[in-house]
Amino acid sequence: MADAISIYLINPEQLQSEHTDSTNWCQASGFSGKAGSWCLVPDATGKIAKVLVGKPDQVETWTLADLPKTLPAGTYSLADRLSTKDATKLYLGWQLGSYSFDRYKLTKAGLLATLQPPENADAEYVKATTEATYLVRDLITTPSNNMGPDQLEETARNLADNYDAKVSVIAGGELVIENYPMIYAVGKASTRAPRLIDLRWSPPNTSPDAPKISLVGKGVCFDSGGLDIKSATGMRLMKKDMGGAAQVLGLAKLIMAMALPVNLRVLVAAVENSIAGNALRPLDILTSRKGTTIEVGNTDAEGRLVLADALWEASSEDPDLLIDCATLTGAARVALGTELPAFFCNDDQTIGDLLSVGRTLDDPLWNLPLHAPYRSMLDSPVADMNNIASSSYGGAITAALFLQEFIQTDIPWIHMDLMAYNMRSLPGRPEGGEAMGMRALFELIRQRIE
Ligand code: BES
Ligand code: ZN
Ligand code: ZN
């Protein structure tokens, strides 16, 4: 389009050699072409002639991600011809940086600077990824009064309508009849019925032999801790305890939008961990879907209980890859901080692949070990297993080992323990709910089926 404003990615040398008409202006504005800075250059009439952006050694997703909200509203285009990889990254970063959560604001965000799809960018991927990420962010940031198990179900049903998938839901007392005792036990004290949401999808004409990918999400719509109640500070962010469910729904949306030739199944265990006369108590003993008994050492370790029943079901179908996402432990945050999700995996090749795609896509994650000797810390004197470990150290690992007990047979399994929330705003990642590791997981799946 003729009147889009050009954005040039430049280094200090290019500023001197290729933008001689702008050097005085840039000098007066204190812009030297340093990576991470940018400068608006006016024409003789005072209109914006172009934008110069300091180019980092390596372009990353976030290089332009602050611009949509900081440049004057209008249409922009990239002047440089970039590789598909770089063009796609920059375009995605721009789109992710255009997000704001204004559902509850009377005054909505104003007009933004928009970027024309850069030549070479994979616009289909960017659109699908942007929409999936926005969905994840919206679901997590929406407060619990408007995001209960019923709204998670509604979200899955909407996805199914849009992509021609099938959803079935087992809710309330039905969970007991259908043998999901632990999902029921965790969620029964809430006025909003617990449920297992089960979505299945394959693109048209998919062979039944196409890879089976199964996703499981922790959908604790609010985690008060239960009778082992959390402190006020500990509870403050617990609307985001359905972040794992949000992330698998986002990942499913991305897989469906990109029409990956897979047989997809998504299981979301959606509950609210509430306090009432009928709430789960410390030292109650539950029988799991697997048939083993679990002593409830702590009602605040609820995520692993609901996931256990869902994982036992998911793994019964022998998928080619099983992934669960969960805001499972504070310990994972102590180990890696809030911006780096921890993942556990029983397959070394998959560990390497996931680390590598995470690095390439600016969607970093880090591997922690399924250290088998710690398994005995989950022993219970009265039941087959306890839901908390006897040691307060290594909590992310013992939680993962608990889940591993519910993986039937030797299938490749990834467990992601994530924060699902930006505690600070970074370029392209505003404070609030966030998909973390979703793009890496998508790429891993895409590479697997190639
Ligand atoms: N939802 C929390 C874990 C959590 C806390 C994730 C903060 C991210 C940020 C989970 O249900 C929980 O409460 N876990 C307990 C387990 C403990 C009781 C063994 C924890 O991490 O303290
Ligand atoms: Zn908890
Ligand atoms: Zn929780």
Side-chain angles (χ1 to χ4, degrees), residues 140-141 144 147-149 152 182-183 185-187 189-190 194 216-247 268-275 279-284 294-308 310 324-344 365 368 374 377-380 385-403 415-424 431-434 436-437:
I140 298 170
T141 309
S144 295
M147 187 49 62
L152 281 183
M182 299 209 290
I183 298 179
V186 170
S190 172
V216 172
K218 170 178 172 181
V220 176
C221 292
F222 190 78
D223 184 8
S224 69
L227 287 174
D228 286 309
I229 189 169
K230 286 183 183 290
S231 67
T233 16
M235 205 186 298
R236 213 177 66 83
L237 269 182
M238 284 302 132
K239 68 173 182 182
K240 61 113 182 156
D241 212 20
M242 34 58 73
Q247 172 138 309
V268 168
V271 300
E272 181 173 7
N273 191 15
S274 291
I275 298 171
L280 184 65
R281 308 165 196 84
L283 299 197
D284 279 357
I294 310 295
E295 182 186 13
V296 179
N298 193 312
T299 62
D300 196 11
E302 82 299 336
R304 61 195 76 181
L305 296 175
V306 301
L307 286 173
D324 78 72
C325 294
T327 50
L328 201 63
T329 67
R333 310 289 70 80
V334 173
L336 300 178
T338 57
E339 291 165 14
L340 200 53
F343 76 92
F344 299 80
L365 18 83
L368 292 182
Y374 292 169
M377 293 177 181
L378 293 164
D379 288 348
S380 157
M385 204 168 29
N386 201 308
N387 79 330
I388 56 159
S390 51
S391 162
S392 56
Y393 296 110
I397 299 176
T398 48
L401 290 171
F402 181 94
L403 297 183
H415 156 55
M416 194 172 294
D417 190 338
L418 72 156
M419 182 63 176
Y421 210 87
N422 295 323
M423 302 298 285
R424 57 172 178 169
E431 186 182 330
E434 185 62 288
M436 295 181 166

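All of these numbers come straight from a predicted model, not from anything done at the bench. When a ligand or atom number is given, it counts from 1 through the structure's own listing order.
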Which is it for Leu305 and Phe402 under the side-chain contact (heavy atoms from CB on, under 4.5 Å) test, yes or no, and what are the steps along the way?
-> CA-CA 9 Å; Leu305 296 175; Phe402 181 94; 4.1 Å; yes
Walk me through it: do Tyr393 and Met377 pass the test side-chain contact (heavy atoms from CB on, under 4.5 Å)?
-> CA-CA 10 Å; Tyr393 296 110; Met377 293 177 181; over 6 Å; no
Could you go through the side-chain contact (heavy atoms from CB on, under 4.5 Å) check for Arg281 and Leu283 one step at a time?
-> CA-CA 6 Å; Arg281 308 165 196 84; Leu283 299 197; over 6 Å; no
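Atom numbering of ligand 1 starts at 1 in the shown order; those under 4.0 Å from a heavy atom of Thr329 are 3 (C), 4 (C), 6 (C), 21 (O). Atom numbering of ligand 1 starts at 1 in the shown order; those under 4.0 Å from a heavy atom of Glu302 are 11 (O). Annotation for ligand 1: atoms under 4.0 Å from non-hydrogen atoms of Lys240 are 6 (C), 8 (C), 9 (C). Close approach of ligand 1 to Lys218 is summarised as follows: ligand atoms under 4.0 Å from at least one heavy atom of the residue are 1 (N), 10 (C), 11 (O). Near Ile388, meaning under 4.0 Å from one of its heavy atoms, ligand 1 places the atoms 19 (C). The ligand atoms of ligand 1 that sit less than 4.0 angstrom from a heavy atom of Lys230 are 2 (C), 12 (C), 13 (O).
At under 3.5 Å, not a single nitrogen or oxygen of Leu418, backbone or side chain, sits near a nitrogen or oxygen of ligand 1. No N or O atom of Arg304 sits closer than 3.5 Å to an N or O atom of ligand 1. Where the criterion is an N or O separation shorter than 3.5 Å, residue side chain and backbone included, Arg333 fails it with respect to ligand 1.
Of the inter-residue distances, the one linking Leu152 atom CG with Met147 atom CE reads 6.0 Å to the nearest 0.5 angstrom. Between the CE atom of Met182 and the CG atom of Asn387 there is a distance of 8.5 Å, given to the nearest 0.5 Å.
The shortest distance between side-chain heavy atoms of Leu340 and Met419 does not fall below 4.5 Å. Two residues are said to be in side-chain contact when any heavy atoms from C-beta on lie closer than 4.5 Å; Met242 and Ile140 meet this criterion. The side-chain heavy atoms of Asp417 and Leu368, taken from C-beta on, include no pair separated by under 4.5 Å. No side-chain heavy atom of Thr398 sits less than 4.5 Å from a side-chain heavy atom of Ser391. Side-chain atoms of Glu339 and Arg424, non-hydrogen and from C-beta on, do get closer than 4.5 Å to each other. With a 4.5 Å cut-off on side-chain heavy atoms, Met436 and Asn422 count as touching.
With a 4.0 Å cut-off on non-hydrogen atoms, Met242 does not touch ligand 1 at all. Counting heavy atoms under 4.0 Å from ligand 1, residue Asp300 touches it through both backbone and side chain. Heavy atoms of Asp228 found under 4.0 angstrom from ligand 1: none, in either backbone or side chain. Heavy atoms of Arg236 found under 4.0 angstrom from ligand 1: none, in either backbone or side chain.
The protein heavy atom nearest to atom 2 (C) of ligand 1 is Asp223 OD2, 3.6 Å. Protein heavy atom nearest atom 3 (C) of ligand 1, with residue, atom name and distance: Leu328 O, 3.4 Å. For atom 1 (N) of ligand 1, the nearest non-hydrogen atom of the protein is Asp241 OD1, 2.8 Å. Protein heavy atom at the shortest distance from atom 7 (C) of ligand 1 is Met238 CE, 3.5 Å. Of all protein heavy atoms, the one lying nearest to atom 20 (C) of ligand 1 is Gly330 N, 4.0 Å.
Checked for salt-bridge contact, Asp241 and Lys218 meet the test: a charged N lies under 4.0 Å from a carboxylate O.
By the definition of a contact as any protein heavy atom under 4.0 Å away, atom 22 (O) of ligand 1 is not in contact.
In this structure, Arg236 has no salt bridge (charged side-chain N to carboxylate O under 4.0 Å, His left out) partners at least two apart in sequence or on a different chain.
Panel note: side chain Asn386, backbone Gly297; a donor-acceptor pair is recorded below 3.5 Å.
Shown are the protein N/O/S atoms under 2.8 Å from the Zn ion (ligand 3), given by residue and atom: Lys218 NZ, Asp223 OD2, Asp241 OD2, Glu302 OE2.
In summary, of the residues considered (Ser224, Ser190, Pro194, Ser144), a side-chain contact (heavy atoms from CB on, under 4.5 Å) with Glu272 occurs for Ser190 alone.
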